[in-house]
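In each ligand, atom 1 is the first atom listed, and ligand 1 is the first ligand listed. Reckoned from all heavy atoms, side chains included, excluding hydrogens, waters and symmetry mates. This one's a predicted model, so the numbers in the text were calculated from it and none came from an experiment.
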Amino acid sequence: MKPVSSHRPFASACRLLLAVLVLSVPTQLAGQQLRVPAPATPLETVGGMVVSEHHVASRVGAEVLAAGGNAVDAAIATGFALAVTHPSAGNIGGGGFMVIRFPDGSTTALDFREKAPLRAFPQMWLDEDGEYSSRRHHDSHLAVGVPGTVAGFDKAHLLYGRVNWERLVYPAVALADDGFEVHEGLARGLRSLVERTPYEATREAFSNGGVPYEAGDTIRQPDLASTLNRIMLGRAEGFYRGRTAELLAAEMERGGGMITLEDLARYRARERAPITGSYRGYDIISMPPPSSGGVAMVTMLNMLEGYEMGEIEHNSPEYVHLLAEAMRRAYADRARFLADPDRVDVPVHALTAKARADSLRATIDPARATPSDLDEVAQWPESPETTHYSVVDEDGMAVSVTYTLEQGYGSEIVVPGAGFLLNNEMGDFNAAPGMTTEGGLIGTTPNLARPEQRMLSSMTPSIVARDGELVAVVGSPGGRTIINTVMQVILNRIDHDMSPLDAVGAPRLHHQWFPDRISIEAAGVSEAEAERLRAMGHTVRVGGRQGLAHSIFIDPATGRRVGVPDPRNSNAGAAGH
Ligand code: DON
């Protein structure tokens, strides 16, 4: 059996030197007092802050802020730290999106979504008999997209970072190399992963020499530390070329995947113009395609703006009905029109225009559900494993990041010798041309797998402003529920004047057009209210958990920021200065 903490030689020798070089750089704010409340506790400050899924990663980001880094720097450091401390979704082997609002009110977005390999084709998940194989689509080496995260962070830093790159990656190297304490939820997740995985490298990375970790144990990830070290020294090239790339390509070849060294060398993150909309005088800034998030959320908000939502009791049957009808319509548009804008003409302006919402709203019956069209069917259901974090710096620069491996632990394939998990994001492409089934597959053309196309996403990192002032930084995991989660946090603040904690904590609901049903968190409706919705023609499912919307709210009058780790996860955390 392998010893538990097999430190690699680089760790002790080079790290000491690097730590001295990296952490001793003098910075303008060095010495600022860090504020790190207990996990799952809101934080109020006038300085910068980070709110993320893991309190240690938030602290890493906050330290960068306190050392003079800006919100982009902190977002990069937090992202690398989450790749160590939150392995089910934090990643370097996946992809995601970053929306940025600068203190002068200008905005931008970075797209580091995974892309299909050069050899991809629309029928790639059909087996030898021409039958669709969900295993190939979601649970195989073919399900792995070319990762984007490291290129995204590299580009964000080149364009907008302020402190040196090594300072941002080093904390993650140290966390992987020294280890960190396993909490209850992580122990449960890793036990289940190592018990079911057929991959030896996955078992090795996430068990203690084959024995599952218990809460309170320290988990060290020496191979991951080595990979992060290559990234620290080589930036994106440390991932997309050289040893890391070779290890990844070798695992693809071994397991029958498609990603080659050429695919990796050709990956580029893209800077895009955010989706912008307005809701009752507030500016909404969100992620454009290849995410469907911004377009769908703005379409829904436009529809809801036509009702006096603030006058309707929150989560009453009337309220739930209007939300569900708006959701149903926006998600139908999503399936019809949205995909990678570099490959497909996406009518973004038409879809987000107020006129489009007016015509959709006109079809809503205030008293009856409109059944979803039977020809229009759903995609593969996603699990709630992605992760969102929010950052604001002292100057008011705001960064909203959602990134993912797709399902929890992605493909569950750890690259042998490189210690990181690969995504299974190819599952976000449609199943096959024309393959639309009542069982939940979709075969419409725009989002089919094609060489180097980016798969459609629902991730909705968003920022809200008003009269030129920053108001909120919001986002969530949750597959297709993401868009609805983010919208409800925004509605809760704008229409219902909820406190920051209530806006994030209030029970949420979801409708996605097909399956034609409303899901509501248990505390969201009483049994009598659920019955009233059923009488209006809705199918209603009560229960489950929706999203983890780690958010920051800003009071423009005082400049105070309130960071709210979503109370649905006791291990999330805010940290700031
Ligand atoms: O990009 C997407 O929309 C999905 N792959 C996100 C997956 C997800 O959120 C899973 N659960 N939280």
Side-chain angles (χ1 to χ4, degrees), residues 52-53 82 86-91 93-99 109-116 134 137-139 143-149 152 185 189 275 286-297 330-331 334-335 338-341 378-389 400-412 421-431 442 446-447 449 453-462 474-487 508 510 512-513 519 521 544-550 566 568-569 572:
S52 86
E53 184 74 10
L82 283 168
H86 185 49
S88 66
N91 69 79
F97 303 118
M98 177 183 291
V99 174
L110 287 170
D111 161 7
F112 46 98
R113 181 68 160 168
E114 299 92 326
K115 66 170 187 178
S134 77
H137 194 187
H138 298 280
D139 184 21
V144 182
V146 182
T149 296
I275 295 293
S286 191
M287 194 64 211
S291 180
S292 58
V295 169
M297 184 168 72
Y331 277 70
R334 172 191 188 276
L338 296 185
D340 182 352
Q379 292 168 303
W380 187 261
E382 291 111 321
S383 72
E385 283 301 347
T386 290
T387 193
H388 173 80
Y389 56 100
S400 189
V401 180
T402 315
Y403 74 153
T404 187
L405 290 165
E406 160 53 1
Q407 290 170 320
Y409 303 101
S411 63
E412 303 187 355
L421 278 159
L422 291 167
N423 67 84
N424 63 337
E425 216 77 55
M426 296 289 278
D428 279 355
F429 280 119
N430 290 352
I442 197 160
N447 187 40
Q453 180 156 331
R454 283 148 141 95
M455 57 294 282
L456 183 63
S457 172
S458 299
M459 292 187 283
T460 315
S462 301
V474 196
S476 178
R480 267 169 298 166
T481 67
I482 292 172
I483 313 167
N484 291 330
T485 293
V486 176
M487 178 179 74
R508 299 193 268 255
H510 175 68
Q512 60 177 41
W513 167 54
S519 308
E521 288 183 312
R545 186 192 78 179
Q546 184 177 323
L548 290 163
H550 310 308
D566 194 316
R568 291 165 182 78
N569 174 12

Item to check | Under 3.5 Å: N/O of I482 near N/O of ligand 1 | outcome: no
Item to check | Atoms of ligand 1, numbered as shown, that sit under 4.0 Å from any heavy atom of S458 | outcome: 1 (O), 2 (C), 3 (O)
Checklist entry - Can you list the ligand 1 atoms lying under 4.0 Å from a non-hydrogen atom of E425? => result 1 (O), 4 (C), 5 (N)
Checklist entry - Just by modelled atom types, is the T460 backbone N or O under 3.5 Å from a matching donor or acceptor in the S291 side chain? => result no
Item to check | Partners passing ring-ring contact (aromatic ring centres under 6.0 Å, His included) against Y331 (at least two apart in sequence or in another chain) | outcome: H510
Next on the checklist: Please compare M459, M455, E406 and report which has the shortest non-hydrogen distance to atom 5 (N) of ligand 1.
Outcome noted: E406
Item to check | Test item, R113 contacting ligand 1 (heavy atom, 4.0 angstrom) | outcome: yes
Item to check | Geometric N/O contact T404 with ligand 1, under 3.5 angstrom | outcome: no
Next on the checklist: Could you check whether any side-chain heavy atom of N423 comes within less than 4.5 Å of a side-chain heavy atom of P147, counting everything from C-beta outward?
Outcome noted: yes
Item to check | Atoms of ligand 1 close to P477 [distance to a heavy atom under 4.0 angstrom, numbered from 1] | outcome: 12 (N)
Next on the checklist: Can you see whether R480 engages S292 through a side-chain donor-acceptor pair at a distance of less than 3.5 angstrom?
Outcome noted: no
Next on the checklist: My understanding is that only residues two or more places apart in sequence, or in another chain, count here; which of them pass side chain to side chain donor-acceptor pair (under 3.5 Å) with S400?
Outcome noted: none
Item to check | NZ/NE/NH1/NH2 to OD/OE distance under 4.0 Å, D111 and R113 | outcome: no
Checklist entry - Counting N and O atoms only, with roles assigned by atom type, does the side chain of E53 sit under 3.5 Å from a partner on the main chain of L82, one being a donor and the other an acceptor? => result no
Checklist entry - Short N/O distance, under 3.5 Å, between G478 and ligand 1? => result yes
Item to check | Structural part of D428 in contact with ligand 1, heavy atom criterion under 4.0 angstrom | outcome: side chain
